[in-house]
Each structure stands twice: as C-alpha cells, then as structure tokens.
Amino acid sequence: MTSTITSGKTNGSAGFSVKLLLWLAFLEGASVMAVEMVAAKMLAPLYGDSLYVWSTVIGVAFASMTIGYFSGGRIADKPGSLNRLCWVLLIAASSILFIPSIADALMATLAGNDVIVDIILISACSMFFPLFLLGMTPPLIIKNMAETTTEAGRKAGNVFFISTAGGILTAFAMGFAIIPAFGLTMPLLMVAIMLGTIPLVLLLRWKKWLSLIFFIALLVSGSQQLSGGKPGSKRIKVQYYTEGILGQVMVCDFFQK
C-alpha cells in the first residue's frame, strides 16, 4: 500500500509523520557514526589506532553507504516504500549486534598475517552489511517525505541535515561519555535497540509478524555479546580483557605457526 504524507501525517500506514521520519533519519546518522567509532576501537588491541585502521574504517564505511545510497534510490520509488523502510532499519539494527563477534573471530583467526589485508578484511566483513542497509535509509525517507518533485530538494536537505546532526552528536557522546563508561559492546546494543524499536512496533501494527524473528535475534545476540567470554583462538591466549575508556584492551600470548 502506498501512502501520501499530508499535514504531517501519512494516510493508510499507521500514522507515519514527518517528525517520525526525521527522527529515523537522526537515528540512522547516529548509528552510522557509532558503528564507525566502535569498529575502529575494536581493531585497536591488535592493530592500534593507526592511520591504516582509520583510513580503512572510513573507506569501508563510505563504500558501504555509497552502494546503499544507490540501492535505496533504486527501490525507493517502488510501491510499499514505508514498509520497506521499516524492514531495512530493523534488519540493520539486528546486524549491528553481530559486529563484535565477527570482528573478534576474524582478529583471532587472521592475527599474524599481513596487517593491511587483515584490517581491510575485518572492517569489510564486520561493517559492510549494517552500513549498506543504513545507506539505503535516506533515499527511502526522502521518498516518503516528498509529496511533489518541487519540494524534493528541501526535504532531502532536511533529511541529510538531521542525519548529519545525529552523527555529530553521537561522535561527541561516544568519544567523551558512552565508550569511556560502557566500553564497546553495550553502546552497540543501545544503538541497535533505539534503531530497531520504532520499525518493530510499526511492523507489528501492520501485522508483519515475521519482524518478531529479528527482535528475538536482537535480544539473543545482545545477551550473548554481554555475557560472552574473551576472544581467542589456538594461536592467541588472552590473559586479560576489558572494555572502557581505551576501547578494548587485551593482554595476550601469541603463538607463531
């Protein structure tokens, strides 16, 4: 079912409002920045906060979102874009929670190989999918906000303004308060919950019961991340592991092949 936004509300899609769409744009921008910062800090224990790390994280993030922008634009004009927007955000929220386990597993497996190749592989495998989905979000939001082509430019500007503002605020909040206080895993759980709650509620109101699967996956993954043990492998024995102001800190023994 398609919907037309009039007087700040949509007709026929559970009361979608312009303010709600802008809030989703804010959460999208905040989530992108949170993923980038956490991913970079997760690489720090083995690869440091080097230029290689930040260059790769930023490059992978831009590449992921570039493909996402293109893909989102291709599907935005198809019927059911509101429903599609909610699914994209809900799946993105669920996938964000798998970033720590993917990064830890790859670091334990690839440690000792070529540093640059390792950093690129770990960043791409852990970040690409959630950031690709988040990149699809702005075109879908803009489509559902713009009633006519004459106002599309203003609506697009509002969406990217709000999204960027969310990223800026998150950068300061993550760097000065959240990561120092909660480490890396808990902030991702917080971001996933905030990003996925509204889409989940709306999909359930539209009787899309399959969305419950992603909610359950989010809860299960979140509980596993919070209660999980220290990363390691046959080649790495972790003696000490913590998360805090320095991100992840590991003291480990490394065994050559």
Side-chain angles (χ1 to χ4, degrees), residues 1-37 65 68-69 71-96 130-174 177-178 187-208 211-212 214-215 218:
M1 177 183 295
T2 57
S3 301
T4 303
I5 295 178
T6 56
S7 302
K9 291 185 178 181
T10 61
N11 298 323
S13 285
F16 241 77
S17 68
V18 171
K19 290 183 179 180
L20 183 56
L21 288 169
L22 289 176
W23 176 243
L24 292 177
F26 180 89
L27 292 176
E28 176 268 333
S31 300
V32 169
M33 183 57 64
V35 168
E36 290 186 48
M37 295 186 69
M65 297 190 67
Y69 291 146
S71 301
R74 295 294 294 269
I75 67 173
D77 292 328
K78 296 181 179 181
S81 56
L82 280 174
N83 180 71
R84 194 173 293 110
L85 170 63
C86 289
W87 277 112
V88 167
L89 287 171
L90 183 59
I91 298 172
S94 301
S95 66
I96 284 173
L131 292 182
F132 163 74
L133 293 173
L134 291 171
M136 295 178 66
T137 303
L140 291 168
I141 294 176
I142 293 168
K143 166 62 181 178
N144 287 288
M145 287 183 61
E147 298 179 43
T148 66
T149 56
T150 58
E151 64 178 9
R154 179 169 60 87
K155 299 294 186 182
N158 290 342
V159 168
F160 282 105
F161 170 79
I162 294 295
S163 175
T164 305
I168 293 170
L169 292 176
T170 300
F172 284 103
M174 293 287 284
I178 297 176
L188 284 184
L189 177 60
M190 296 162 57
V191 168
I193 291 174
M194 289 190 295
L195 183 66
T197 298
I198 294 175
L200 174 66
V201 170
L202 291 170
L203 286 169
L204 291 177
R205 288 180 64 182
W206 300 337
K207 298 182 179 180
K208 306 294 183 180
S211 60
L212 284 173
F214 293 94
F215 177 70
L218 190 150

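Every heavy atom of this structure was used, including side-chain atoms; hydrogens, water molecules and symmetry mates were not.
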Nearest-0.5 Å distance, [atom1] of residue [X] to [atom2] of residue [Y]:
X: Leu169; Y: Thr164; atom1: CG; atom2: OG1; result: 11.0 Å
X: Phe26; Y: Thr170; atom1: CZ; atom2: OG1; result: 5.5 Å
X: Asn83; Y: Leu203; atom1: CG; atom2: CG; result: 6.0 Å
X: Leu131; Y: Glu36; atom1: CG; atom2: CD; result: 6.5 Å
X: Arg84; Y: Ile75; atom1: CZ; atom2: CD1; result: 5.0 Å
X: Ile193; Y: Leu188; atom1: CD1; atom2: CG; result: 11.0 Å

Beyond-backbone contact of Val159 with Leu21, side-chain heavy atoms, under 4.5 angstrom: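 A side-chain contact is absent here, since even the closest heavy-atom pair is not under 4.5 Å.
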
Min side-chain heavy-atom separation Ile142-Asn158 under 4.5 Å: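 Heavy-atom side-chain distance check fails, nothing below 4.5 Å.
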
Do you know which two heavy atoms are closest between [X] and [Y], and how far apart they sit?
X: Pro187; Y: Met174; result: CB-CE, 3.9 Å
X: Val191; Y: Ala34; result: CG2-CB, 3.7 Å
X: Lys155; Y: Met145; result: CE-O, 3.5 Å
X: Gly72; Y: Leu140; result: O-CD2, 4.3 Å
X: Pro199; Y: Cys86; result: CB-O, 3.4 Å
X: Gly167; Y: Met33; result: O-CG, 3.3 Å

Sidechain-backbone polar pair: Ser95 side chain, Ile91 backbone, donor-acceptor under 3.5 Å: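 It does hold such a pair.
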
Under 3.5 Å donor-acceptor, Asp77 side chain and Gly73 backbone: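 Side chain of Asp77 to backbone of Gly73, a donor-acceptor pair under 3.5 Å: no, none is there.
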
Audit row: Leu85, Lys143, side chain to side chain contact (heavy atoms under 4.5 Å, CB included) steps and yes/no: CA-CA 10 Å; Leu85 170 63; Lys143 166 62 181 178; over 6 Å; no

Criterion side chain to side chain contact (heavy atoms under 4.5 Å, CB included) on Leu24 and Thr137, from CA distance to verdict: CA-CA 9 Å; Leu24 292 177; Thr137 303; 5.6 Å; no

Stepwise side chain to side chain contact (heavy atoms under 4.5 Å, CB included) check, Leu89 with Ile198: CA-CA 9 Å; Leu89 287 171; Ile198 294 175; over 6 Å; no

Criterion side chain to side chain contact (heavy atoms under 4.5 Å, CB included) on Met136 and Leu133, from CA distance to verdict: CA-CA 5 Å; Met136 295 178 66; Leu133 293 173; 4.1 Å; yes

